Amino acid sequence: MLRRRPEAATGTESKAYFGLCCAAMFPLRFLLFGSLASLCICQYYDYDYEPAPQSVVSAPHCVQECDCPINFPTAMYCHGRNLKFVPIVPTGIKYLYLQDNQIEEIKAGVFDNVTDLRWLVLDNNEITSDKIQSGTIDKLGSLEKLYFSHNKLTKPPGLLSKSLDELKLIGNQLTSFPSGTLSGMENLTTVYLSKNKLTSESLTGAFKGLKSLMLLDVSENKLKKLPAGMPSSLLMLYADNNDIDSIPGGYLAKTPELQYLRVSHNKLVDSGIPAGVFNVTSLLELDLSFNKLQSIPEVNEALEHLYLQVNQINKFDLASICKFTSPVNYSRLKTLRLDGNNITHSNMPADSANCLRQASEVIFD
């Protein structure tokens with residue numbers, strides 16, 4: 001149906017949070033994708049830590065500054081305690097919550113008793129790269145999740161665990177990402193690098209050999225082109241709010257499983273979009289909003305959500321969406337946003353209804 005929108009949208013504000021679910025009857029990869037996709041449609045994510053208990057009786061082995069609930073003896077909660085240091089972690093702890101403190105340094109020895117730590121949450125502290133001492137994070141050989149967002153890192157921690165499946169470094173001051181940082185991490189599925197100072201050159205070779213990577217977020221950086229060398233396993237790529245002005249020819253052909261691509265709030269122009277670059281059968285959602293496009297790019301009939309709001313589009317070229325229409329040939333688009341452009345529903349060709357027969361929303365100004 002056609003809808004009018006009272007004002008142009010503000011674009012995508014955050015990203016889909018990656019969750020895990022369990023069901024023995026399905027392969028793990030499909031379980032992971034199911035969680036990703038269901039949350040992706042709702043648009044976007046926030047953190048999801050294990051909730052801290054409201055009233056805690058701590059286990060006797062716990063350090064004074066923190067809480068170790070008796071009913072969750074492998075977790076130690078040290079968040080929001082105005083800590084300026086990481087306390088010595090006692091044996092038996094596998095989940096360590098240190099977010100929302102004033103920690104500036106990670107000193108050697110603090111993790112000596114817990115080299116089998118699985119989760120480490122360090123978000124919202126004051127840690128700099130040069131204050132992460134050797135013999136700390138690099139000793140955590142069983143670490144699965146490292147949340148290190150909103151600190152003052154200029155480069156990622158070195159020698160990370162090969163067991164890592166999730167890495168969050170959002171909102172730091174990263175200017176470099178050495179190519180070997182993630183080497184050998186065959187379990188790594190999600191990497192969040194948004195809100196840093198990374199350039200396209202600084203990411204050269206960074207994701208090579210990652211056989212399980214499904215979601216990469218490099219939004220709000222200083223990229224002038226999409227990251228090169230993406231693994232074929234990638235399902236979701238977020239590159240909003242950068243300085244990207246073109247898409248390399250054949251880029252999506254090198255990521256045959258990519259289903260969600262977001263390049264909103266960039267500098268894309270028609271001349272930077274090679275013919276057919278988005279015409280791939282895997283893609284389900286394409287966000288090119290808040291750019292400088294003057295025409296609708298060619299997409300595949302399998303695409304389900306196309307966001308083109310706030311560009312400079314001045315014509316409705318139906319052939320970009322449907323090469324031809326017939327009882328069995330038509331677009332699977334459910335959402336088409338064209339608000340904030342130079343066209344209205346009166347610009348739609350007469351055959352649009354046949355092409356867009358599955359669309360529930362076609363939005364103009």
Side-chain angles (χ1 to χ4, degrees), residues 1-16 37-45 217 219-220 226 236-242 244-245 247 252 258-270 272-273 276-323 325 330-365:
M1 72 180 182
L2 299 180
R3 290 184 51 190
R4 292 176 61 84
R5 199 167 188 86
E7 57 182 340
T10 56
T12 41
E13 299 296 336
S14 52
K15 307 294 179 295
S38 63
L39 289 164
C40 181
I41 295 301
C42 299
Q43 298 229 346
Y44 312 119
Y45 85 99
D217 181 356
S219 58
E220 297 187 58
L226 291 174
M236 302 182 181
L237 175 58
Y238 305 147
D240 309 301
N241 291 281
N242 279 286
I244 299 168
D245 59 8
I247 307 293
L252 274 69
L258 190 67
Q259 297 190 10
Y260 299 86
L261 176 60
R262 294 175 181 159
V263 202
S264 70
H265 294 268
N266 277 281
K267 299 178 180 179
L268 290 172
V269 294
D270 287 2
I273 308 293
V277 69
F278 299 125
N279 188 1
V280 292
T281 57
S282 64
L283 206 59
L284 297 178
E285 178 183 297
L286 177 60
D287 189 349
L288 302 175
S289 60
F290 293 85
N291 279 283
K292 299 179 180 181
L293 302 177
Q294 294 184 333
S295 60
I296 298 173
E298 178 186 348
V299 296
N300 192 271
E301 285 84 352
L303 190 69
E304 295 183 1
H305 305 278
L306 178 57
Y307 301 99
L308 292 169
Q309 67 268 27
V310 195
N311 275 278
Q312 301 169 12
I313 297 171
N314 52 36
K315 60 180 179 179
F316 196 113
D317 187 355
L318 195 62
S320 295
I321 299 173
C322 291
K323 302 299 174 292
T325 57
Y330 54 89
S331 171
R332 271 60 178 179
L333 273 179
K334 299 175 182 178
T335 306
L336 174 59
R337 289 199 55 177
L338 288 163
D339 42 316
N341 283 286
N342 300 321
I343 56 174
T344 68
H345 68 275
S346 63
N347 298 108
M348 295 181 70
D351 200 30
S352 297
N354 285 328
C355 169
L356 299 171
R357 66 186 71 174
Q358 289 197 342
S360 57
E361 288 190 318
V362 181
I363 302 174
F364 293 89
D365 279 337

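Residue numbers run from 1 in the order of the sequence given. Everything numeric in this text was worked out from a predicted model, so none of it was measured.
The CD atom of E304 sits 9.0 Å away from atom CD of Q259, with the distance rounded to the nearest 0.5 Å. For the atom pair Q312 CD and L293 CG, the distance stands at 8.5 Å (nearest 0.5 Å). Atom CG of residue N266 and atom CG of residue D287 lie 10.0 Å apart, to the nearest 0.5 angstrom. Remark: H265 NE2 to F290 CZ distance equals 4.5 Å, nearest 0.5 Å. The distance from the CG atom of L284 to the CG atom of L333 is 11.0 Å, given to the nearest 0.5 Å. We find the OG-CG distance between S264 and L288 to be 8.5 Å, quoted to the nearest 0.5 Å.
Residues H305 and K334 meet the side-chain proximity criterion, which asks for heavy atoms closer than 4.5 Å. With a 4.5 Å cut-off on side-chain heavy atoms, F278 and I273 count as touching. V280 places none of its side-chain heavy atoms less than 4.5 Å from the side chain of N300. At least one side-chain heavy atom of L268 sits under 4.5 Å from a side-chain heavy atom of I244. Contact annotation: the side chain of E285 approaches that of R262 to within less than 4.5 Å [non-hydrogen atoms, C-beta and beyond].
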With a cut-off of 3.5 Å and sequence neighbours excluded, list every side-chain donor-acceptor pair involving residues 314-323.
from	atom 1	to	atom 2	distance (Å)
D317	OD1	A319	N	3.2
S320	OG	I296	O	2.9

Using distance only, find each side-chain donor-acceptor pair of residues 346-356 under 3.5 Å and give its atom names and separation, not counting sequence neighbours.
from	atom 1	to	atom 2	distance (Å)
S346	OG	T344	OG1	2.6
N347	OD1	T344	N	2.7
D351	OD1	N354	ND2	2.7
D351	OD2	T325	OG1	2.8
S352	OG	P349	O	2.7

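In this structure, the side chain of D245 does not engage the main chain of K267 through any donor-acceptor pair within 3.5 Å. Within the 3.5 Å criterion, the main-chain N or O of I313 finds no donor-acceptor partner in the side chain of N311.
In this structure S295 satisfies the side chain to side chain donor-acceptor pair (under 3.5 Å) test together with D270, sequence neighbours excluded.
Of all the heavy atoms in V263 and N291, the pair that sits closest is O-ND2, 3.1 Å. The minimum heavy-atom distance linking Y330 with E301 is given by the pair O-CB, 3.6 Å.
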